[in-house]
Amino acid sequence: MRRYDHFIGGASCVPSSGKLIDRFSPATGALVAVFAAGNARDVDTAVLAARTAFDEGPWSRLSGIDRSRLLRAFAELMLANLGRLAQIESDEVGKPIRYARKDIEGGAKVVHYAAGLAADLHGIAYPSLRPGQTGLVMREPAGVVGAIIPWNFPAFVFCHKVPFALAAGCTVVVKPSEFTSGTALELARLALEAGIPPGVVNVVTGYGAEAGDALVSHPGVDMVSFTGSTATGRKVMQAAIATTKRVSLELGGKGANIVFADADIDDALDGTLFGVFHNSGQVCSAGTRLIIDEAIADGFLARLKQAIGGIRIGDPADEATDMGSLIHAPALDRVRAYVDGSAAEGVVTYAGGHRLSGGLYDKGSFFAPTILDRVTPFVRAHREEIFGPVLTVTRFRSTEEAVALANDTSYGLANALWSRDLDKVMGVSAALRSGVVWVNTTLDGSPQMPFGGRQQSGFGREFGRAGLEEFTEIKSIFLSTGRRAPEFYGRTP
Ligand code: NAD
């Protein structure tokens, strides 16, 4: 069991309320961590530390090359601590240790990429706006950033935000999920160890309604970068109004996974399976709606059902485990309610559809990989984010119908499509209303490629140069030399 306080100004900081949060493993039921339950006073202390570090430097005034060097040292320390970080992530999330390691490795790669950007932050110059006048479009750090993080990929989502904010010269106060705060606290410590000055990365743990809301509302915070559910995203927008704060929102999704008859069917099968069941289906960009050509649907589903039998579900600590538990018991109840509700709406439960039981399963929150067939667009399970291992299946007869079905959602994060016809691939990719389109692949990502949503999946982008620019403000400087503008009235006496 690990016991953590907040991490503020480069040191541990006990919660002012003295209240604590117990985190039990969602897979085994064992107590794995105790976190501080932060309140508005703790947030105030952290914002002051970040504010001072930003306003007085040195971080915000360091050269890009120096920021880059320190970020690279941070990435290397992440890799040096890979085993421990992955263990914490696996314990708190209930995710297989194999994938927890990949998350940390992936996060370190992102930090390396952001380090490169730190040395390459630049604006635009217009050498002659008029004779004797130069225009400088500057990119300046946004200031103090509040970074709010969900529980499904705690360390990885930390790396979506913090290294880019740091590369831009910002300082941050991170509010991780109350269920999975361990890696954010460990990463903040490693950033300090790498030489990133105290006060640049602060972590306040606690509940969203208390610590999270206090962070969003705080007048000392210049912008909020939020990842979480659409429902909470709305609250964050609302809370930011009073201080007219900038927000970027990475919210929920309901991704389509479109399989055309001309696809490489083996690839499409593997992709469909991974796309919906990875991390027990707790992925914002999961391909939870299988939209498939009617001509191949029955054969495809039969093979999918067979493949589900090969998924090893169980102890996250076991190297062989493919799928761990859900995040907590309420998530299990929520998933079960969607599946049971679908049956009442005339949907066929083609595979799974129940809680797993017996042995270890009785101690944790394990749900069987589930396929719901004959799902019409009116069924709740097809429209709402379930955030569990549930695939809905809808058949189409034409490419137009496939696109219409995929776009019939209030979300717009990521969609995948499987086809070997280049014309079709380009046409469908252009027609899909989402921030990301995967062609013959799924749940793919690279630090260079911007990630983010449209519609109720939010706005703003992470990764890529766009991910750096999110954390900057633009300043236009009109630099005049020589003659004054002809519109001036004359020389003042
Ligand atoms: P959540 O919205 O319940 O919580 C997210 C974070 O917000 C947590 O740290 C929580 O404590 C905090 N929070 C809660 N109420 C708050 C409030 N009133 N003010 C400020 N902060 C508050 O989401 P979750 O259950 O942790 O994560 C799952 C959700 O996250 C899913 O909807 C998923 O799709 C989404 N998600 C999106 C992305 C993306 O990049 N678009 C990535 C991962 C997860």
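One-based numbering, in listed order, for ligands and for the atoms of each. Residue numbers start at 1 and run along the sequence shown.
- Contacts between Phe451 and ligand 1 below 4.0 angstrom, taking non-hydrogen atoms only, involve the side chain exclusively.
- For Phe366 and Tyr361, the ring centers sit closer than 6.0 Å to each other.
- The heavy atom nearest to atom 30 (O) of ligand 1, considering only Ala211, Gly212, Gly228, Gly252, is found in Gly228.
- Only the side chain of Asn152 comes within contact range of ligand 1, with a heavy atom under 4.0 Å; no backbone atom does.
- Compare Gly453, Ala414, Ser229 by their heavy atoms: the one nearest to atom 23 (O) of ligand 1 is in Ser229.
- When the shell of 6.0 Å around CD of Gln448 is examined, it contains more than 12 heavy atoms from other residues, nucleotides or ligands.
- Asn257 and Trp438 form no side-chain donor-acceptor contact under 3.5 Å, judged by distance and modelled atom types alone.
- Under 4.0 Å from ligand 1, not a single heavy atom of Phe153 appears.
- Salt bridge status for Glu470 with Arg461: absent, with no side-chain N to carboxylate O gap under 4.0 Å.
- Ligand 1 has no nitrogen or oxygen under 3.5 angstrom from a nitrogen or oxygen of Phe226.
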I would like to know whether Arg380 and Glu345 meet salt bridge (Lys or Arg N to Asp or Glu O under 4.0 Å); could you show each step before the answer? CA-CA 9 Å; Arg380 273 187 67 203; Glu345 288 178 275; over 6 Å; no

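- If you check the side chains of Asp362 and Ser357, you find no donor sitting under 3.5 Å from an acceptor.
- Using modelled atom types and a 3.5 Å distance limit, the side chains of Ser419 and Asn440 yield no donor-acceptor pair.
- Taking any N or O of Trp151, backbone or side chain, at least one lies under 3.5 Å from an N or O belonging to ligand 1.
- For atom 27 (O) of ligand 1, the nearest protein heavy atom (residue, atom name, distance) is Pro150 CB, 3.3 Å.
- Here the heavy atom of the protein found nearest to atom 13 (N) of ligand 1 is Gly208 CA, 3.3 Å.
- At the top of the distance list for atom 28 (C) of ligand 1, counting protein heavy atoms only, stands Phe387 CE2, 3.5 Å.
- Atom numbering of ligand 1 starts at 1 in the shown order; those under 4.0 Å from a heavy atom of Glu178 are 10 (C), 11 (O).
- With Arg383 as the fixed residue, the side chain to side chain donor-acceptor pair (under 3.5 Å) test singles out one of Thr409, Thr392, Asp408: Asp408.
- Using modelled atom types, one finds no donor on one side chain facing an acceptor on the other under 3.5 Å when comparing Asp42 with Thr45.
- The proximity of Gln282 to ligand 1, defined as any non-hydrogen pair under 4.0 Å, does not occur for either the backbone or the side chain.
- By heavy-atom distance, the residue among Lys235, Gln238, Glu385 lying nearest atom 32 (O) of ligand 1 is Glu385.
- Scanning all protein heavy atoms for the shortest distance to atom 41 (N) of ligand 1 gives Leu251 O, 2.8 Å.
- With a 4.0 Å cut-off on non-hydrogen atoms, Pro176 touches ligand 1 through its backbone and not its side chain.
- Short contacts between ligand 1 and Ser177, defined as distances under 4.0 Å to a heavy atom of the residue, involve ligand atoms 9 (O).
- Counted by atom type alone, Asp315 and Thr321 present zero donor-acceptor pairs between their side chains at under 3.5 Å.
- Below 3.5 Å of separation, one finds no N or O of Ile148 facing any N or O of ligand 1.
- Within ligand 1, the atoms closer than 4.0 Å to a non-hydrogen atom of Ile149 are 6 (C), 8 (C), 9 (O), numbered from 1 in the order shown.
- If you check each of Thr232, Leu413, Thr227 against atom 5 (C) of ligand 1, the one with the closest non-hydrogen atom is Thr227.
- At the shortest separation from atom 39 (C) of ligand 1 among protein heavy atoms lies Cys284 SG, 3.3 Å.
- Around atom CZ of Arg465, more than 12 heavy atoms belonging to other residues, nucleotides or ligands sit under 6.0 Å away.
- Numbered from 1 in the order shown, with element, the atoms of ligand 1 that lie under 4.0 Å from a heavy atom of Asp213 read 19 (N), 20 (C).
- In this structure a side-chain-to-backbone donor-acceptor pair under 3.5 Å is present from Ser68 to Ala115.
- Side-chain polar atoms of Thr370 and Arg336 form no donor-acceptor pair below 3.5 angstrom.
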